[in-house]
Visitor: 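Have a look at the structure that comes next, please.
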Amino acid sequence: PWVVAVSFRVGALSVQQARAPWQSPEPRAMAQTIRGLAIASLVACALGGAAGAGGCPSGSERFWALDKPNSECAEACLSTEVQRVEFWILTGGHGVKAGSELSPCADHGFHKFNRTDVLGAGRLKLSLDKYFPDKLSESPPTPAKDKCALACTLESIGVYWACAAVCIEKLAPDSCITSGCLAAVAAFDVSCLKGCNKTSEAPAGFPVLV
């Protein structure tokens, strides 16, 4: 069995891994590359060009999410459970299927294509088409509690990348990421948000993807 233990506190992150006796301790080059994404994912690589038109390629589904803090909308064609979990985490739990909508961002007032952010590598690779709103409106000041929750979301992304790097290095099955890393992120988010809310209640609506 694969065991990934992630220990965390606000502002710091460390990863420990439990290795079966037959597993090789030698690091994998791909894992070393992915570890860097714990920081690089927050500064995405912007690529020029137009967004793809029409539906997604065969075997994939279109997902989308609003990025309210940055006044953007993101769309992605996802074909694997790893990609769907990753998209959900990167969008702070706001990523959903587009269903019959071919252009969900445009349908919600985000017609202006801005860029494509490419994150990850290998089975973690994800391309996000980003759109700007048709009308920019001045947002009210963000309450301190919301700023704290946003900080928790950003740190939870670091938890995910670190956990995924361990899974990739150990050649673990996808469930190591889709179940183990998702659980690690959920545990971190609950703990972090408790500090924001000053309460022992866990946040509602934290879905478990299956």
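Remember, it's a predicted structure, so these values are computed and weren't measured experimentally. Just the heavy atoms: all of them, side chains too, but no hydrogens, waters or symmetry mates, feed the values below.
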Visitor: Is there side-chain contact between Leu182 and Ile89, with at least one heavy-atom pair below 4.5 Å?
Guide: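 Yes; the side chains approach each other to less than 4.5 Å.
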
Visitor: Would you say Val159 and Asp189 make side-chain contact, with heavy atoms under 4.5 Å?
Guide: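 In short, these two side chains do not touch, never coming nearer than 4.5 Å.
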
Visitor: Assess whether a salt bridge exists between Asp117 and Lys130, defined as any Lys/Arg side-chain N lying under 4.0 Å from an Asp/Glu carboxylate O.
Guide: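 Between Lys130 and Asp117 there is a salt bridge, with a charged N closer than 4.0 Å to a carboxylate O.
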
Visitor: Indicate if Trp64 and Phe113 have the same hydrophobic cluster label, given that clusters are the connected sets of ILVMFWY residues with side-chain heavy-atom separations under 4.5 angstrom.
Guide: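 Cluster IDs for Trp64 and Phe113 match.
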
Visitor: Please check if the side chain of Asp134 supplies one atom and the backbone of His111 the other of a donor-acceptor pair under 3.5 Å.
Guide: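 At least one qualifying donor-acceptor pair exists.
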
Visitor: Could you tell me whether a side-chain N or O of Thr153 sits under 3.5 Å from a main-chain N or O of Ala149, the two making a donor and an acceptor?
Guide: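 At least one qualifying donor-acceptor pair exists.
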
Visitor: For Leu124 and Leu119: C-alpha separation, side-chain torsions, deciding distance, then whether side-chain contact (heavy atoms from CB on, under 4.5 Å) applies.
Guide: CA-CA 8 Å; Leu124 298 180; Leu119 305 175; over 6 Å; no

Visitor: For Asp107, check side chain to side chain donor-acceptor pair (under 3.5 Å) against everything at least two apart and list the hits.
Guide: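 Testing Asp107 for side chain to side chain donor-acceptor pair (under 3.5 Å), a comparison that skips the adjacent residues, returns none.
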
Visitor: Output all residues satisfying side chain to side chain donor-acceptor pair (under 3.5 Å) with Ser127, sequence neighbours left out; order by chain, then residue number.
Guide: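 So Ser127 forms no side chain to side chain donor-acceptor pair (under 3.5 Å) with any residue.
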
Visitor: Can you see which heavy atom on Ile177 is nearest to which on Cys167, and at what distance?
Guide: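 Taking every non-hydrogen atom into account, CG1-CB, 3.8 Å.
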
Visitor: Test: disulfide bond (SG atoms under 2.5 Å apart). Region: residues 66-100. Which pairs qualify, not counting sequence neighbours?
Guide: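 Disulfide bond (SG atoms under 2.5 Å apart) check on residues 66-100 returns Cys56-Cys77, Cys73-Cys105.
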
Visitor: Between the side chain of Ser60 and the main-chain N/O of Pro57, is any donor-acceptor distance below 3.5 Å?
Guide: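 Yes, Ser60 side chain to Pro57 backbone: donor-acceptor pair under 3.5 Å.
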
Visitor: Between Tyr131 and Glu72, is there a side-chain donor-acceptor contact under 3.5 Å, judged purely by atom types and distance?
Guide: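 Note: Glu72 and Tyr131 side chains miss the donor-acceptor criterion.
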
Visitor: Ignoring hydrogens and geometry, is there a side-chain-to-backbone donor-acceptor pair from Thr80 to Gln83 under 3.5 Å?
Guide: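 The answer is yes, because a donor-acceptor pair under 3.5 Å joins these two groups.
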
Visitor: Does the SG of Cys163 lie under 2.5 Å from the SG of Cys181?
Guide: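 Yes, the SG atoms sit under 2.5 Å apart.
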
Visitor: Would you say that Ile157 contacts Leu90 through its side chain, given a criterion of any heavy-atom pair below 4.5 Å between the two side chains?
Guide: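 Yes - at least one pair of side-chain heavy atoms lies under 4.5 Å apart.
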
Visitor: Measure the OG1-CG distance between Thr116 and Leu128 for me, rounded to the nearest 0.5 Å.
Guide: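 It is 8.5 Å, given to the nearest 0.5 Å.
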
Visitor: Spell out, as yes or no, whether a donor-acceptor pair under 3.5 Å connects the side chain of Glu75 to the backbone of Arg62.
Guide: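 Pair absent, no side-chain N/O of Glu75 close to backbone of Arg62.
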
Visitor: Are any non-hydrogen side-chain atoms of Trp88 and Val96 less than 4.5 angstrom apart?
Guide: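 No - every pair of side-chain heavy atoms lies 4.5 Å or more apart.
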
Visitor: Salt bridge (charged side-chain N to carboxylate O under 4.0 Å, His left out) with Asp174: which residues, sequence neighbours excluded?
Guide: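 For Asp174 the salt bridge (charged side-chain N to carboxylate O under 4.0 Å, His left out) partners, ignoring immediate neighbours, are Arg123.
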
Visitor: Residues two or more places apart in sequence or in another chain: which of them pass side chain to side chain donor-acceptor pair (under 3.5 Å) with His108?
Guide: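 Testing His108 for side chain to side chain donor-acceptor pair (under 3.5 Å), a comparison that skips the adjacent residues, returns none.
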
Visitor: Test disulfide (SG to SG under 2.5 Å) on Cys196 and Cys152 and set out the steps.
Guide: CA-CA 9 Å; Cys196 296; Cys152 288; 3.7 Å; no

Visitor: Looking only at heavy atoms, which two atoms of Lys125 and Val118 are closest? And how far apart?
Guide: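 Looking at all heavy atoms of both residues, the closest pair is CE-CG1, 3.7 Å.
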
Visitor: Mind jotting down which residue pairs meet the salt bridge (Lys or Arg N to Asp or Glu O under 4.0 Å) criterion with at least one end in residues 95-105? Sequence neighbours excluded, please.
Guide: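 Qualifying pairs, neighbours excluded: Glu61-Lys97.
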
Visitor: Using a 3.5 Å distance criterion without hydrogens, assess whether the side chain of Thr91 forms a donor-acceptor pair with backbone atoms of Phe87.
Guide: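 Yes, because the side chain of Thr91 sits within donor-acceptor range (under 3.5 Å) of the backbone of Phe87.
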
